[in-house]
Amino acid sequence: MRKNKSKIIISSLAQKQLEKLGIYISQVEFHGEGSAFRTQTTMANARRSIVEVIENGQVIYEIITHVDEPTAFNPKATCPNPFLVRATLPPEIAEDVIANLEHYFETVWQKNHGAKTARIIFYTQNFRIVVSHYIGAFRSALELYLKFKK
Amino acid sequence: MLGKTEELIMMAAHKAGPKSTASEIYQTLESVIGKTSAFGAIFTTLDRLSKKGFLEFQVGAVRKDYGNKAPREFTITGNGMMALSESIAVTEKMRRETLLGGEGALV
């Protein structure tokens with residue numbers, strides 16, 4: 001979607017500038033045999049048009065580079081799916097855990113370790129949270145049982 | 001009586017201020033003492049402290065930096081502050097008695 005939009009912008013920009021340049025060049029050719037002043041004016045216009053084309057080229061280049069790196073715009077696009085937490089923990093806890101994991105993934109892990117390692121850490125922590133939650137629940141139940149048994 | 005991890009997390013929660021999220025508490029902990037226990041471990045400890053009544057939490061507002069989700073916001077309770085002070089006092093007393101020239105001290 002984004003790529004298509006950028007392509008449209010690029011093609012319309014390029015088309016406009018090329019049309020302008022074509023007009024000036026034809027005017028130079030037309031006035032070539034006419035007065036020297038007219039020829040000079042149209043040639044100056046053509047030169048200005050070329051400069052505009054180059055300037056727009058820079059804009060187009062920036063658009064292209066951004067299109068090639070979608071993560072530069074939206075780091076959340078790379079955030080892994082916390083399916084394990086969502087599937088195994090109670091919804092109210094899962095919501096909190098996912099929110100915190102996503103926040104930490106973007107602000108710390110991705111910055112400090114890079115995208116690939118950050119994903120590994122993310123999945124490892126997902127697993128760890130689930131395991132420690134159920135171990136904690138088991139321990140609490142055991143403590144309660146032993147308390148009542150006494 | 002608080003465990004060591006619980007004590008550290010209570011102190012971090014105190015430094016992070018009221019209504020701080022798990023991630024903020026962990027960030028505070030990491031910024032103060034460097035590499036510590038894993039991020040995943042903090043949730044169990046926070047839940048345990050909440051069950052003991054040392055921390056209270058409420059589900060806050062939806063936050064953009066948390067992926068448009070509402071994380072839980074933790075605040076230390078009065079009981080929590082008392083337990084923390086008591087725990088620190090006990091550690092300090094042990095340190096004085098054993099390391100700093102008390103009866104049977106190591107130094």
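Hydrogens, waters and symmetry mates are skipped; everything else that's a heavy atom, side chains included, is used. Small disclaimer: the values here were computed from a predicted structure and weren't measured.
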Interatomic spacing from CZ in B:Phe43 to CG in A:Leu101 - rounded to 0.5 Å
5.5 Å

From CD1 (A:Ile129) to CZ (B:Phe39), nearest 0.5 Å:
6.5 Å

Joint hydrophobic cluster, A:Tyr104 plus B:Val62, side-chain heavy atoms closer than 4.5 Å:
no

Heavy-atom pair of closest approach, residues B:Gly67 and A:Glu102
CA-OE1, 3.7 Å

Between A:Val85 and A:Tyr134, is there shared hydrophobic-cluster membership here, with clusters defined by ILVMFWY side-chain heavy atoms closer than 4.5 Å?
yes

For chain A, which residues of residues 11-31 of chain B have heavy atoms nearer than 4.5 angstrom
B:Thr21, B:Ala22, B:Ser23, B:Tyr26, B:Gln27, B:Glu30

A:Gln125 versus B:Gly40, closest heavy-atom pair with distance:
OE1-N, 2.7 Å

When rounded to the nearest 0.5 Å, the distance separating CG of B:Leu46 from CD1 of A:Ile93 is 11.5 Å

Tell me, for A:Thr124 versus chain B, whether the close heavy atoms (under 4.5 Å) come from the side chain, the backbone, both or neither.
neither

Tell me whether B:Val59 is reachable from A:Ile98 by hopping between hydrophobic residues (I, L, V, M, F, W, Y) whose side-chain heavy atoms are closer than 4.5 Å.
no

Could you check whether atom CZ of A:Arg139 has more than 12 heavy atoms from other residues, nucleotides or ligands sitting under 6.0 Å from it?
no

Indicate, with yes or no, if A:Ile135 and B:Ile9 share a hydrophobic cluster defined by side-chain heavy-atom contacts under 4.5 Å among Ile, Leu, Val, Met, Phe, Trp and Tyr.
yes

Part of A:Val130 lying under 4.5 Å from any heavy atom of chain B
neither

Residues two or more places apart in sequence or in another chain: which of them pass side-chain contact (heavy atoms from CB on, under 4.5 Å) with B:Thr44?
A:Ser132, B:Arg48

Are there over 12 heavy-atom neighbours, none belonging to B:Lys52, within less than 6.0 Å of that residue's NZ?
yes

Among the clusters formed by ILVMFWY side chains lying less than 4.5 Å apart, do A:Phe83 and A:Val131 turn up in the same one?
yes

Considering heavy atoms only, which positions within residues 71-88 of chain B lie below 4.5 Å of chain A?
B:Pro71, B:Arg72

Which residues pass the ring-ring contact (aromatic ring centres under 6.0 Å, His included) test with A:His133, sequence neighbours left out?
none

